[in-house]
Amino acid sequence: MVTKTVDFSARAVEALHNARLRGSFRDAMDDLIRKRLDHFRDETLFRELSGEGAAIRARALSRLPELLEQLERKLVSNGITVHWAEDAAQANETVLKIIRAHDSRRVIKGKSMVTEEIGLNDFLETRNVEVLESDLGEYILQLLDERPSHIVMPAIHKTKAQIAELFARKFPEIPYTEDVDTLTATARRVLRDAFRSTRIGISGVNFMVAETGTLCLVENEGNGRMCTTIPDVHIAVTGIEKVVEKLADVPPLLALLTRSATGQPITTYFNMISSPRREGEKDGPKEVHLVLVDNGRSDIFANPDFQETLRCIRCGACINHCPVYTRIGGHSYGTTYPGPIGTVFAPLQDGLKERGELLSASTLCNACTEVCPVRIPLAGLINRLRAEYAAPRGNVKDAGSGRSWKEAMAWKLWSAVYARPRLYQRLLNWGLKHRDRLPRELAPWSDSRAMPVIAEKSLHQLVREKSEADQ
Amino acid sequence: MSTARENILARLRAAETQAPTFDAEPQPPPEWGMREKRLRFIERMEAVRAEVIETSADDLATVLASWLASREVRSLLHDPGSRWAEMLHQAIADGAELPELIAFNREIELWKRSLFDNVDAALTTTLGGIAETGSLMLWPSADEPRSMSLVPPIHIAVLEEKQLYATFAEALEQQQWAEAMPSNALLISGPSKSADIERTLAYGVHGPKELLVLLLRDEDEEAS
């Protein structure tokens, strides 16, 4: 679930004044940046790998409808049930129907950003289905009733002391401790009981392989494996864009994903699920369902200017390297996906009217583009969306909704003056002459900046004088 | 929901697709010899706090017995049909001190609580290892179910050195995985871990707290 962006600026300002929060994000991002760099010091190597990653994802997208059909055929013949959902409501209803068919009132979940996007937890809880998050970070946030602030490290904004205090409150039988091993052991104990006794597990998916009908999950903790192995039923929920052509496409993407996300050469577990429990097997879910969620993706796909957004493999490298994210944190965005990828994805998904303000959350420094393992030109796309926001043309939802007539007039005037050298010269001379009387402040720009002092002579004049003196 | 399917596919089909080209070719796997693969594998595994013991098929039972004793393991889940099981049973017959050997001989529903609460360790085979990342490849089966490498707090995996591949891509290709995938295939690279609390690494979050790899040296290679 996401909050509306109306208060994006207010939230960002509040976050900027929270020194502890800024410290948490700064330290965490610096650490993630360093760890990633350890793998990609060799720039040529990264260029080669990211080229391969981009090529694989682009090839998959170029055949998206047929690959989805092939995937469905394969999954069905492997014994996995496939469901399609056009939007969040359909996806949620589909999951609920499966839960009800099993007469169940409780589910246990592995980490999944798509279920966050469709608001599955709230939906199920209002319908009397208890939802238990099992990723350690997500579990902590669920106890706190908070949302993830990062797509890979959801509880990155929480300090050890805050978590210790939370556990002491929730589990009064355990003495207060800030020892991470003890805190982890407490969560392990509680969640193991739940894995054992819950009949339905829900997970996300990192890659789907059309060739073999395989769902791939990347994780370190083992909760993803628990959710997809121990309960009777496994429901996987994911976006339609996650499909790749063949199994051989997986290793390069996996290598890029884990190195870009957390600087690990590989995660502890790479879990490849191709069917429910087979005849004679003694464990594994007896039913596996895949819910393929569109929720705006086919519209992004249909927009040639933004289709490449769908290459994203959700590593979070753009987020980790974003100077704006590092300062305002994940919650300010009010979106499921924060940082540069969210700044592109949210306006495309929800429209510019609702999300256009987010486009200011970028310095266009291009760090996101440089580190993207599948070469999505994020900064370029943000810039392009800014143009869409201001100009009433193009094919993004609510294009032009950020247009202000004052701003439009100002730019019109500016371009008119710039196109007429004589007029420009005359105005410039006038400005230089009266430079002491020009406004000293230009809010909001000057609120946090010192206004530059205007020089006595224009650059033109200076150059002319210099070249005359040289002759 | 079939209309949802048709609508989504119709929208996707109506869209123009571009297949931009990128300047990269798939990387050829590095040409590492056996020694190099072994050293890299061990280095990577130890970096994520897994333990690797190099031994031979002949010494496996003895090595395992003393390691298990040091951990005070009282019960070991194993596949009684495997080659290693035979050696373990022989070792017991010869008087070796080994924990109680348990078999996964019934469906999980029939003994979930006991599997979760009473099994100290599990021994599994592997399909091989990956040197580049320090990973084990497992194809769980009816004899070695998926939860053996997941539920008990200690996972012990037997890896034959001649099954070490340089990269995952190389293993997929040479073992022809795409021909017939099992219900579940796994790469396991260390014990379960998390850094979700202030980025402090903690081991044994949900899966095994300890991973021991018994790396069986390739005797043919040593002789040559």
Side-chain angles (χ1 to χ4, degrees), chain A residues 28 31 48 51-52 54-55 58-59 61-62 64-65 83-86 90 94 136-137 153 155 159-160 163 180-181 183-184 188 191-192 196 211-212 214 220-223 225-226 229 240 247-248 251 265-266 268-275 277-278 280-284 294 298 301-302 304, chain B residues 1 4-5 7-9 11-24 26-27 44 48 104 106-108 112-113 116 132-133 135 142 145-147 150 167-169 172-173 177-178 181-194 196-200 202 204-207:
Chain A
D31 192 35
E48 278 173 12
E52 203 183 335
R59 178 157 43 78
L61 290 177
S62 75
L64 186 58
H83 310 261
W84 301 70
E86 286 191 76
Q90 279 184 11
T94 305
L136 183 57
M153 311 197 97
T159 63
K160 208 179 288 184
I163 295 164
V180 173
D181 286 327
L183 294 171
T184 304
R188 176 183 172 98
L191 288 166
R192 267 173 88 88
R196 203 191 57 217
E211 176 188 31
T212 55
T214 302
N220 280 310
E221 295 185 2
N223 67 305
R225 284 188 66 198
M226 283 283 187
T229 303
I240 51 171
L247 206 57
I266 194 165
T268 300
Y269 300 114
F270 186 58
N271 183 5
M272 307 172 85
I273 299 161
S274 301
S275 85
R277 183 187 309 193
R278 286 178 188 160
E281 290 180 348
K282 301 186 190 79
D283 68 0
D294 181 338
S298 57
F301 187 73
Chain B
M1 283 295 152
R5 177 186 188 276
N7 293 345
I8 294 169
L9 286 173
R11 278 197 296 271
L12 296 179
R13 281 200 205 95
E16 269 176 65
T17 56
Q18 338 129 297
T21 44
F22 293 92
D23 51 353
Q27 306 280 303
R44 290 256 55 106
V48 289
F104 206 125
R106 53 205 186 279
E107 293 205 307
I108 187 170
K112 238 184 211 179
R113 179 172 284 276
F116 270 74
E132 183 187 40
T133 52
S135 311
R146 313 178 189 200
S147 35
L150 177 64
T167 62
F168 183 30
L172 280 187
E173 196 195 317
W177 284 32
M181 285 291 278
S183 48
N184 185 208
L186 297 161
L187 300 188
I188 298 181
S189 314
S192 152
K193 63 177 182 287
S194 175
D196 273 351
I197 301 180
E198 241 186 55
R199 292 171 293 118
T200 309
V205 194
H206 302 290

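Any value given below was found using the heavy atoms of this structure, including those in side chains, with hydrogens, waters and symmetry copies removed. Labels below follow one simple rule: chain letters A, B, ... track the order of the sequence lines, proteins then strands, and each chain is numbered from 1.
Applying the ring-ring contact (aromatic ring centres under 6.0 Å, His included) test to B:F116 and every residue at least two apart in sequence or in another chain returns nothing. For B:R13, the salt bridge (charged side-chain N to carboxylate O under 4.0 Å, His left out) criterion is met by A:E69, not counting sequence neighbours.
Counting heavy-atom pairs closer than 4.5 Å to chain B, the top-ranked of the candidates A:G280, A:A302, A:A54, A:A248 is A:A54. For chain A, the option among B:R113, B:E173, B:E16 with the highest count of heavy-atom pairs below 4.5 Å is B:R113. Per-residue counts of heavy-atom pairs under 4.5 Å with chain B were compared for A:A155, A:G137, A:S275; the largest is that of A:S275. Contact count against chain A (heavy-atom pairs under 4.5 Å) is highest for B:V205 among B:N7, B:I108, B:T133, B:V205. Of the residues considered (B:S192, B:A178, B:P191, B:A169), B:S192 shows the highest number of contacts with chain A, using heavy-atom pairs under 4.5 Å. Listed options A:M153, A:E211, A:R192 were ranked by heavy-atom pairs under 4.5 angstrom with chain B; first place goes to A:R192. If you tally non-hydrogen atom pairs under 4.5 Å between each of B:A15, B:A202, B:A142 and chain A, the highest count goes to B:A142. Heavy-atom pairs under 4.5 Å with chain B peak, among A:D181, A:I240, A:V180, at A:V180. Comparing B:V48, B:T200, B:I197 by heavy-atom pairs within less than 4.5 Å of chain A, the highest count is held by B:I197. Of the listed residues (B:A14, B:G190, B:S194), the greatest number of heavy-atom pairs within a distance under 4.5 Å of chain A belongs to B:S194. Between chain B and the options A:E281, A:R277, A:R225, the largest number of non-hydrogen pairs under 4.5 Å is found for A:R225.
When heavy atoms are compared at a cutoff of 4.5 Å, B:R106 approaches chain A solely by way of its backbone atoms N, CA, C and O. For B:S135, the part lying near chain A is the side chain, with the backbone staying farther off; criterion is any non-hydrogen pair under 4.5 Å. Both the backbone and the side chain of A:I273 have a heavy atom closer than 4.5 Å to some heavy atom of chain B. Both the backbone and the side chain of B:I188 come within less than 4.5 Å of a heavy atom in chain A. The parts of A:T159 that come within reach of chain B are both its backbone and its side chain, each placing non-hydrogen atoms under 4.5 angstrom from that chain. Contact of A:E86 with chain B is made through backbone and side chain together, with heavy-atom distances under 4.5 Å. Only the side chain of A:T214 comes within contact range of chain B, with heavy atoms under 4.5 Å apart. Only the side chain of A:I163 comes within contact range of chain B, judged by heavy atoms closer than 4.5 Å.
The shortest non-hydrogen separation linking B:L12 to A:S298 is CD2-CB, 3.7 Å.
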request  = Any chance you could lay out the side-chain contact (heavy atoms from CB on, under 4.5 Å) test for B:L186 and A:Y269, step after step, and finish with the verdict?
outcome  = CA-CA 7 Å; B:L186 297 161; A:Y269 300 114; 5.6 Å; no
inquiry  = Let's go through B:E132 and B:R44 carefully: what are the C-alpha distance in whole Å and the side-chain angles of both, what is the deciding distance for side-chain contact (heavy atoms from CB on, under 4.5 Å) to 0.1 Å, and is it a yes or a no?
reply    = CA-CA 8 Å; B:E132 183 187 40; B:R44 290 256 55 106; over 6 Å; no
task = Dump the intermediate steps for side-chain contact (heavy atoms from CB on, under 4.5 Å) on A:W84 and B:L9, then the final yes or no.
result = CA-CA 10 Å; A:W84 301 70; B:L9 286 173; 4.0 Å; yes
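Side chain of A:D283 to main chain of B:R146: a donor-acceptor pair is present (N/O by atom type, distance under 3.5 Å, no hydrogens or angles). Judged purely by atom type and a 3.5 angstrom limit, A:D294 has no side-chain atom pairing as donor or acceptor with the backbone of B:I8. Although no hydrogens or angles enter the test, the distance criterion places a donor-acceptor pair under 3.5 Å between the side chain of A:R188 and the main chain of B:G204. Counting only distance, with no hydrogens or angles, the side chain of A:N220 and the backbone of A:T268 share a donor-acceptor pair below 3.5 Å. Listed for the A:Q90 side chain is no donor-acceptor partner under 3.5 Å among the backbone atoms of B:A4.
A heavy-atom distance below 4.5 Å is found between the side chains of A:M272 and A:L247.
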